[in-house]
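Down below is the structure, laid out as structure tokens.
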Amino acid sequence: MPHPLDPDLRRALAERVLYCREMGIYDFYRREATAEPSSSTSQPELREEMAARKSAVAPVIVEDSLVSITPNPEQNANDPSVALRLIREDLGECTRCQLHQQGRQQIVFGVGNPRAELMFVGEGPGADEDAQGEPFVGRAGQLLNNMIKAMGLRRENVYIANIVKCRPPGNRTPEPDECGTCSPFLMRQIAAIKPKVVVALGATAAKNLLTMNSSLGDLRGRWFDFKPRGSDASWPGARLAVTYHPAYLLRDPRQKGEAWKDLQMVMKFLGIEPPKKTAD
Ligand code: URA
């Protein structure tokens, strides 16, 4: 039986939901209630805690109805370019994590074909990307372009984004809380585009997308099923492959052959023939 909700509690919950929405969090999950405390407990602190928990469990019943009034803005957009625009608008001039005040010039949202079958996800913008507002436009980007070309595709055919959308100072690895704050927007981009394949470039992208802490060596050379929470039920989800980050390949070009094997696995799945080598 749903518990009737105290008006103050309902107001507090609604504020909480709006706060989460501001943070880009739209999905809520019902947590099972813990077992009833024994009323015979003699410890007043414990009784108090149990009473507080009990009141925290009760409103969960109404969370669904609160959530239904705060859907993702792009939820009913069938056109992925419209959905992406709505996600970008929702992101706004984001100040949700500390990166906004650590020297970023602009947000680097993502670029490419909103209906791409193939999506690449990197770590975060570097200096060139921060200056131009587009992912992978520096040296690593040139190599990524060459990798895409070697696959017989063009940059405009695919979609490219990063785990975080603001440049970490000094190109440091983004902190877990920065990734956690930013990645719901990436998940929504993936859910809007509905690619067949997502390629995670490097360990940061792989670990954040898969929420796994395995080594790159363990993650490469195999497929993962990938479907962001809350995405369209009619979309079966993407397959996810992991390969080396192009910046790593610039530092250790001997690994390019290994990366090419990863891309060939992707091409095989997508039915892409590599372009024929010309004599010149
Ligand atoms: N490295 C990344 O991970 N992303 C970019 O956009 C550029 C360099």
Side-chain angles (χ1 to χ4, degrees), residues 84 87-88 91 94 97-100 102-114 116 118-151 153-190 193 195 197-213 215-216 219-220 226 240-253 255-256 258-259 262-263 266:
L84 288 173
I87 299 166
R88 180 65 191 88
L91 183 63
C94 186
C97 85
Q98 56 187 347
L99 289 179
H100 83 279
Q102 296 194 346
R104 79 146 189 234
Q105 288 187 47
Q106 55 188 313
I107 292 169
V108 179
F109 183 66
V111 72
N113 180 356
L118 175 59
M119 187 163 170
F120 289 94
V121 177
E123 179 174 306
D128 295 310
E129 291 75 22
D130 183 49
Q132 294 184 42
E134 185 171 325
F136 283 100
V137 290
R139 279 187 69 223
Q142 295 311 313
L143 179 53
L144 179 61
N145 289 349
N146 290 340
M147 290 158 71
I148 293 169
K149 207 164 150 198
M151 296 174 80
L153 298 170
R154 283 176 300 136
R155 187 173 161 99
E156 308 77 69
N157 299 142
V158 305
Y159 195 89
I160 308 173
N162 282 308
I163 295 291
V164 295
K165 300 190 189 312
C166 296
R167 183 189 180 199
N171 298 340
R172 66 159 169 75
T173 305
E175 298 289 348
D177 66 305
E178 296 159 355
C179 297
T181 303
C182 206
S183 60
F185 290 94
L186 173 65
M187 297 300 166
R188 287 165 59 190
Q189 286 170 280
I190 299 173
I193 295 165
V197 172
V198 175
V199 175
L201 299 168
T204 302
K207 289 178 184 179
N208 277 283
L209 289 170
L210 294 169
T211 54
M212 270 179 166
N213 206 16
S215 72
L216 208 66
L219 299 174
R220 283 187 50 243
F226 182 76
L240 188 146
V242 175
T243 194
Y244 292 115
H245 193 288
Y248 172 75
L249 296 175
L250 288 172
R251 290 195 298 275
D252 187 357
Q255 303 304 328
K256 282 185 182 176
E258 288 298 301
D262 301 331
L263 297 183
V266 171

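Keep in mind that the numbers below use all heavy atoms, side chains included, and drop hydrogens, waters and symmetry copies. Atoms within each ligand, like the ligands themselves, are counted from 1 in listed order.
- Listed by number with element, the atoms of ligand 1 under 4.0 angstrom from any heavy atom of E123 are 2 (C), 3 (O).
- Atom CD1 of I160 and atom CD of E134 lie 7.5 Å apart (nearest 0.5 Å).
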The test is side chain to side chain contact (heavy atoms under 4.5 Å, CB included); show your working for Y248 and L216 and say whether it passes. CA-CA 12 Å; Y248 172 75; L216 208 66; 5.9 Å; no

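- Using a 4.0 angstrom heavy-atom cutoff, H245 counts as in contact with ligand 1.
- The closest side-chain heavy-atom distance from F120 to R155 is not below 4.5 Å.
- Residue contacts with ligand 1 include G124, since one or more of its heavy atoms lies under 4.0 Å from the ligand.
- For the pair C94 and H100, the minimum side-chain heavy-atom distance is 4.5 Å or more.
- Screening L118, N113, L263 for a side chain to side chain contact (heavy atoms under 4.5 Å, CB included) involving L153 leaves a single residue, L118.
- Close contacts between ligand 1 and P135 involve ligand atoms 6 (O) [criterion: under 4.0 Å to a heavy atom].
- Here the CG atom belonging to N208 is positioned 4.5 Å from the CD1 atom belonging to I163, to the nearest 0.5 angstrom.
- Atoms of ligand 1 found under 4.0 Å from any heavy atom of G122, numbered from 1 in the order shown, are 3 (O).
- Backbone and side-chain nitrogen or oxygen atoms of E129 are examined, and none is located within less than 3.5 angstrom of a nitrogen or oxygen of ligand 1.
- Geometrically, ligand 1 and F136 share a nitrogen or oxygen pair separated by less than 3.5 Å.
- In this structure, atom 4 (N) of ligand 1 lies nearest to the protein heavy atom N162 OD1, 2.8 Å.
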